[in-house]
Trainee: 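Sharing a structure with you now.
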2 protein chains.
Amino acid sequence: MVAGPESSAKVHLAKDIPPATVARLTAYLRVLGVLVDEGTLIVSSEELAAATGVGSAKLRKDLSFLGPNGVRGVGYDVARLRARIEIALGLDQGHRVVLVGIGNLGRALAGYGGFGRRGFTIVGLFDNEVDLVGTAVGPLLVRDVADLVPACAELDPTIAVIAVPDDAAQAICDRLVEAGLRCILSFSPVALRVPAYVEIRRVDLAVEMQMLSFSQARNAEVATRAGEDSPSLRSTGLMGRGPELHAATTNKGSVVRQ
Amino acid sequence: MVAGPESSAKVHLAKDIPPATVARLTAYLRVLGVLVDEGTLIVSSEELAAATGVGSAKLRKDLSFLGPNGVRGVGYDVARLRARIEIALGLDQGHRVVLVGIGNLGRALAGYGGFGRRGFTIVGLFDNEVDLVGTAVGPLLVRDVADLVPACAELDPTIAVIAVPDDAAQAICDRLVEAGLRCILSFSPVALRVPAYVEIRRVDLAVEMQMLSFSQARNAEVATRAGEDSPSLRSTGLMGRGPELHAATTNKGSVVRQ
DNA sequence: GACTGTGAATCTGTTCACAGCG
DNA sequence: CGCTGTGAACAGATTCACAGTC
């Protein structure tokens, strides 16, 4: 009965949630957004799990870390569950993001609609290329990276994204830390050194390709059984929703086939 | 004694390597590349681990899955180890990659030097935008996505990358499977449905941001102890190498601080 | 009856500490 | 003596099965 009709009462949760669960909560959130748009009010663990590509038991366990959220015999209130997850992830306040490095990747990130839709607002763009500084990318002007520290004082960002060439990454990272940033997402494969109080995550695009390469190598090795057996497209019924809900995909650890 | 002086004798390994290890092998590989460029011949587990941001015990265990690769009391032969990892990951043959969706992200991927350097050659670019078809992106011309299946027969790719809008992702994915692709990397957050024999990995850029958001929320909750304590920049000595080798970064599971 | 929430069992990954070897 | 390679202890994540509740 902990589930009173609070709206943003900060139920003090969000403390002991395992990292693996956090990673999946974001996936549930996305699907819940689609369901809200469709006007769906209630969803069962089975349905939500199928739409996200995980097992239903895992999903229930994940959600249980946020406290009781569903109604037994019925399912989960879509809107309420979404709000609950957003609070747990700290997304309810929104985030102000600065992006450093406006090459192709930076541009792609700046234009990526998925961010805005999920509570991330890009508030600053930086680059060191003189030709680029002052030009508009979307609704923002690119600033000189030399002004990073003072500009951050003004912009008050909570998250920084690094999308600069490898050899510049550490210097930019240092500057960001100096500017007071505590959460940094880097797209450079180099291991960045930061003080312990700074949270840094790295996305290395080549890693994903290499993991694919490995599984191909493994499969090729087992035999060249190019047999077209096993269609096995999980069809869990109940899935006749939008044209955007599909089941069964890997997530992150590896080849999590379910 | 298994370690004879073979060059590419396919030691039949690469079978039972845990996924978590595979993910890290790619990181070691990158650092080894830097070391080779610098002319370093021998590296110890301690050094390599520091440069990659993992613990040395973990590194040794990871490498042990490939068989004995080092010399006790000395360390690892840089060039030999690199070759060994490349074989294990199936990178020694190289990979032919087709890229579907030439928006900002696709363009960023097409221009990303990290791929070529690591054995991935982009051999085909596809989009459905008429204005784009026929234009050059780097050394390649963009092809019409309608020609995907016949073009793949000609290009013989081993990996496909999907960088199209969310609502087109499943259709493109189906087309790629039809074209015979078995390894697909998708940048769309939607869970794609594929036959069981197809390996698919998903990279959701928003997930990483949301995980950062979570850790910030957690930290803010514990208290606003903005204390500037703990500088703790691991400095393991032995690190006076290039300007590109740094230590201590998270990897993937979460906040793997070491 | 249906579906959630969860302890208990299992599996996977990490850490430790040391034996084994050059 | 130093460093690799690894069994054994440990921690974390997943799966199972069912008790609890509407």
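Naming convention: chains lettered A, B, ... in sequence-line order (proteins, then strands); numbering from 1 in each chain. Note: hydrogens, waters and symmetry copies are ignored here, and every other heavy atom, side chains too, is used.
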Trainee: Whole Å only: how far is the CZ atom of A/R84 from the P atom of C/dG5?
Mentor: 10 Å
Trainee: Are any side-chain N or O atoms of A/R182 and backbone N or O atoms of A/T158, one a donor and one an acceptor, separated by less than 3.5 Å?
Mentor: no
Trainee: Between C/dT12 atom P and B/D16 atom CG, what is the distance in whole Å?
Mentor: 11 Å
Trainee: Got a second to check how far A/Y112's OH is from B/L105's CG, nearest 0.5 Å?
Mentor: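 Answer rounded to 0.5 Å: 9.0 Å.
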Trainee: Between atom NZ in A/K58 and atom C1' in D/dG12, what is the gap in whole Å?
Mentor: 13 Å
Trainee: State the CZ-CZ distance between B/R117 and B/R30, to the nearest 0.5 angstrom.
Mentor: 9.0 Å
Trainee: Between the side chain of A/S188 and the main-chain N/O of A/V190, is any donor-acceptor distance below 3.5 Å?
Mentor: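 Side chain of A/S188 to backbone of A/V190, a donor-acceptor pair under 3.5 Å: yes, one is there.
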Trainee: What's the CD1-C1' distance between A/I42 and D/dC22, to the nearest Å?
Mentor: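 Spelled out: CD1 on A/I42 to C1' on D/dC22 is 13 Å.
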Trainee: Measure the spacing between CD1 of B/I200 and CG of B/L192 and express it to the nearest 0.5 Å.
Mentor: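 One finds 4.0 Å between CD1 of B/I200 and CG of B/L192.
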Trainee: Between B/Q170 and B/R193, is there a donor-acceptor pair closer than 3.5 Å when you use the side chain of the first and the backbone of the second?
Mentor: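 Yes.
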Trainee: When rounded to the nearest 0.5 angstrom, what distance separates CZ in A/R218 from CD1 in B/I17?
Mentor: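 Here the rounded value is 9.5 Å.
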Trainee: Which distance, rounded to the nearest 0.5 Å, do you find between the CG of A/L89 and the CE of B/M211?
Mentor: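 Reported to 0.5 Å precision, the distance equals 9.0 Å.
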Trainee: Could you tell me the separation between the CG atom of B/L59 and the C1' atom of C/dG13, rounded to a whole number of Å?
Mentor: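 Rounded to the whole Å, the gap is 15 Å.
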Trainee: Spell out protein contact along nucleotides 1-8 of chain D as letters: B when the base is contacted, S when just the sugar-phosphate is, - when no protein heavy atom is under 4.0 Å; keep the 5' to 3' order.
Mentor: -BBBBBBB
Trainee: What is the bend of the helix from C/dG1-D/dC22 to C/dG22-D/dC1 when you compare the axis at one end with the axis at the other, using five pairs each and rounding to 10°?
Mentor: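 About 0° separates the two local helix axes.
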